[in-house]
Amino acid sequence: MMEFILVFTLAILLGWPLSKYLAAVMRGAPMGGDRLFAWIENPIYRLLGTDPGRGMSWRGYAAAFLVSNLVLGAIVWLILMTQAWLPLNPNDAPNMSWDLALHTAVSFLTNTNQQHYSGQAQLSYLAHLTGIVTLQVITPMMGLALVVATLRGLFGGRAPRTAGAGDDRAVDVGNFWADVIRPTLRFFLPLALIWTVLLTSQGVPATLAGGPVVRPLDTLVSMQEQKIPLGPVAPMVAVKQLGTNGGGWFGPNSAAPLENPTPFSNLLETLALLLIPVTLVLMVGRFTGRRRFGALVFGCMLVMSLMSSGAAVWSEGFSATSSDIALMEGKEVRFGAGPSALWASLTTQTSNGSVNAMHDSLAPLTGLVTISDMLINAIWGGIGSGLQQFLVYLMLAVFLAGLMTGRTPELFGRKIEAREVKLLAVLVLLQPLALLVMSAITLAVPALTGNSNPGFHGISQVFYEYTSAFANNGSGFEGLGDNTLWWNLTCVLLLILGRYPYLVLPLMIAASLAAKRRTPDSAGSLQVETPTFGLTLIAVIAILTLLQFMPVLVLGPVADHLALIAP
Amino acid sequence: MVNVISSPSTPDTGPVSDQDVLRASLGLAVVAVVLFGLVYPLIGVGVGQVLFNDQANGSLIGDGERILGSTLVAQPFAGEGYFRPRPSAVDHQPMAAGGSNAARTNPALRERIESARQAVADREGVPLDQVPGDLVTQSGGGFDPHISPDSAAIQVARVARGRGLTPAVVSELVRAHTQGRQFGWLGAPGVNVLTLNLALDALAPPRTPE
């Protein structure tokens, strides 16, 4: 319980000042460290050949995002397939197969961090740093850039006099390169260094040396020797937790004592799950200058977050299934059940995907909470992607509320019309299409499935894996035998479908809205910044996402729960 | 070029030049790999090595000559005079780290827990319902260094017998190696099995098995 209260309180208390700072960073406002940072940033802008003050149209912005992702993905793919020949490989990790390397590169590129490998044995230190950490730093900042550009568009673009011109290519949504570089250097990396040092103080390794091999103390055991894997773990765990990444150094992630050694490190890592996503939401009001709009987003997300985390902690720690002798299966003694359930809910709300207990072995209802969080994917959500998804729900709710009350659906004075609604519909339909079709095919061919648990839970395992890939979450019901050509390639497809359309299409919609003439607010316009609309919005989210997946949720976690409590 | 609207604040409205985007993308990739993938983590490693040298190198325990283990990595124990750690899905090998990932409704999990429960009850001479859950379930990481205080308590009598010590002495040692909730309110209390067994060895060597 203590962890529950502390994590939410600290995230809001720390997020408040951080959001003020981040808003200034993203606006390009003058600030204290300008001279120091200009010294690092200006050479970078020269190398890139860009003028950070020059704006881009939404097309230029999206092209920059997509091309830079292609380049980064290709580089990391190559590193993973050649790591055995590169330096800094004390544990002799072999080269990855092409399909596993492709899945790993795309998984980290999409800020998902789904892992079909075990890092301590299958990745070199160099691949961990230049491949994994590189993407864990830059991809959350790219998500941030996209949502900031979308917010600029929603409020008419950076140079408002270009708004309303009828041409969405004239709308200035910002400079992509500056939007990535500035927050990385001024906001994300300083925060990550603080977390690195704090985590090291608790016992997370930070070394370039290979781990020692020890002989067990008791000579009667069958084990001959035990290798203790070490490495530059702390800097990776810091960005893994802070950047809604989730991919750990060790296979079992933050359940491994070397990745999460103490209850205090667990508090730090749980707080880090929530900190930047909350900061980002608190930034919305400051960045757009619409405090009431910021309050609407924050209020909706906080309500859903408390409900989800409350349900998970109740299910794991206080419900009928909490007295089960198997409660501690997949859990660690130093945390106990409550903090494990809190983590499970927050890691799926924020699209992080790191774990401190094995989700496969959680109570079925806790599993239901985690799957629901990932289906919604906008309770805080991934850095940038969560807010972007929330904007999709917001525009849908505006459209539906407009239909219900007979008012013109408009957002901030601009009409939502057929073109925008069609784009929104693509996003709404893509999710069930991708998840249900892929789950159905995989379950229909037992040779492809690879699930390790029988019965209803086997269905949950497959659905969880695809939901996690599509939500760019990365956690898993890890008993699944998922390092196969089938799983690697189908997950790659879902990782891409779950990332790029959901970041780019809202930007396109925002630019399209910005190009429209703004009509002043009147008594006839829909008021979105009210508690009533907030409740409507939450209802739309629940109905849209949960109802369309009701059959599979009943067949999976719900039936699993009923089977468990049956006498 | 005669477009008078063009000014520094209007976006690049013409078709985006592929060359510009490619050059900037390559530049960004270089910056990311060097600055974010190497410089940042190496600064972190350097600071950790200076400020928290012991922790940064894996919280290792040594006897002056060789490394005996890490306080964060469980070792298996089988002897009568030793406390046992939690079962592991990966035989306590951190290089293979992982949990069982067995679902609560998996019959194999139930059978495994029941047989482990019976074995613990027989070994420690306690009734079945007094066997704590953490001592018969596999941890998430596969090398959980702790057991709950209850799990330590039921092993005290056997360990004392195995070393010719009184249970009171062993209980006292268990208390000394119990980590309470951190700062009094975080996490759950646990007993570090490896450091406890090392302390037992220092106190009285285990009897050789007959």
Side-chain angles (χ1 to χ4, degrees), chain A residues 2 44 47-49 55-57 60 63 67-68 71-72 121 129-130 133-134 137-138 159 169 172 196 200-201 203 205-207 212 214 216 218 220-221 227-230 232 235 250-252 255-258 261 263-264 325 328-330 332-334 336 357-358 360 453 457 478-479 563-564, chain B residues 9 11-13 16 21 23-29 31-33 36-38 40-41 44-45 47-48 52 55-59 67 69-70 72-73 75-79 82 94-95 97-99 101-106 113 133-134 137 139-141 144-146 148 182 185-188 190:
Chain A
M2 201 63 203
I44 295 179
L47 176 73
L48 268 62
M56 294 172 163
S57 68
V67 174
S68 61
V71 171
L72 274 167
L129 298 179
T130 56
V133 173
T134 298
V137 171
I138 202 166
R169 283 173 303 178
D172 176 355
T196 303
T200 308
S201 80
T207 171
V214 301
D218 185 353
L220 294 177
V221 298
K227 186 172 171 62
I228 299 173
L230 302 175
F250 298 94
L258 286 165
F264 181 55
I325 182 106
M328 290 302 285
E329 182 75 17
E332 300 279 310
V333 164
R334 62 195 177 283
M358 297 299 107
D360 235 349
N453 288 301
H457 195 85
E478 292 294 351
L564 183 65
Chain B
S9 65
D12 175 18
T13 55
V16 180
V21 177
R23 175 189 164 181
S25 296
L26 286 169
L28 187 68
V31 169
V33 170
F36 310 161
L38 286 171
Y40 151 68
V45 167
V47 175
F52 305 104
Q55 293 95 316
N57 291 312
S59 311
I67 297 165
S70 161
L72 296 174
V73 180
Q75 284 186 10
F77 286 96
Y82 286 115
M95 286 304 282
N101 290 305
R104 297 271 181 97
T105 45
N106 191 334
I113 289 179
D134 66 288
T137 48
S139 66
D144 191 344
H146 299 105
S148 66
Q182 206 171 6
W185 30 259
L186 281 184

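Naming convention: chains lettered A, B, ... in sequence-line order (proteins, then strands); numbering from 1 in each chain.
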Apply side chain to side chain contact (heavy atoms under 4.5 Å, CB included) to the pair Val47(B) and Thr196(A), showing each step before the final yes or no.
CA-CA 9 Å; Val47(B) 175; Thr196(A) 303; over 6 Å; no

What distance separates [X] [atom1] from [Y] [atom2], expressed to the nearest 0.5 Å?
| X | Y | atom1 | atom2 | result |
| --- | --- | --- | --- | --- |
| Leu72(B) | Ile228(A) | CG | CD1 | 9.0 Å |
| Ile325(A) | Arg104(B) | CD1 | CZ | 11.5 Å |
| Thr207(A) | Asn57(B) | OG1 | CG | 5.0 Å |
| Asp144(B) | Glu332(A) | CG | CD | 4.0 Å |
| Glu329(A) | Asp134(B) | CD | CG | 11.5 Å |

When heavy-atom pairs shorter than 4.5 Å are enumerated against chain B, which of Gly336(A), Gly49(A), Gly251(A) gives the highest number?
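Option with the greatest count: Gly49(A).
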
Look at Ile44(A), Val333(A), Asp360(A) and state which one has the largest set of heavy-atom pairs under 4.5 Å with chain B.
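Between Ile44(A), Val333(A), Asp360(A), the count favours Val333(A).
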
Residue, of [options], that accumulates the most heavy atom pairs under 4.5 Å with chain A:
| options | value |
| --- | --- |
| Gly44(B), Ala97(B), Gly133(B) | Ala97(B) |
| Pro145(B), Ala102(B), Ser148(B), Gly190(B) | Ala102(B) |
| Gly99(B), Gly58(B), Ser139(B) | Ser139(B) |
| Ala56(B), Gly187(B), Gly27(B), Gly141(B) | Ala56(B) |

Give me the atom names and distance for the closest heavy-atom approach of Ile138(A) to Phe36(B).
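Shortest heavy-atom contact: CD1-CE1, 4.1 Å.
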
Looking at [X] and [Y], would you say the former's side chain and the latter's main chain have a donor-acceptor pair under 3.5 Å?
| X | Y | value |
| --- | --- | --- |
| Ser25(B) | Ser68(A) | yes |
| Gln55(B) | Ser201(A) | yes |
| Asn453(A) | Asn101(B) | yes |

With side-chain contact (heavy atoms from CB on, under 4.5 Å) as the test, pick out the partner of Gln75(B) among Val214(A), Asp218(A), Val221(A).
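Looking at Val214(A), Asp218(A), Val221(A), the match for Gln75(B) under the side-chain contact (heavy atoms from CB on, under 4.5 Å) is Val214(A).
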
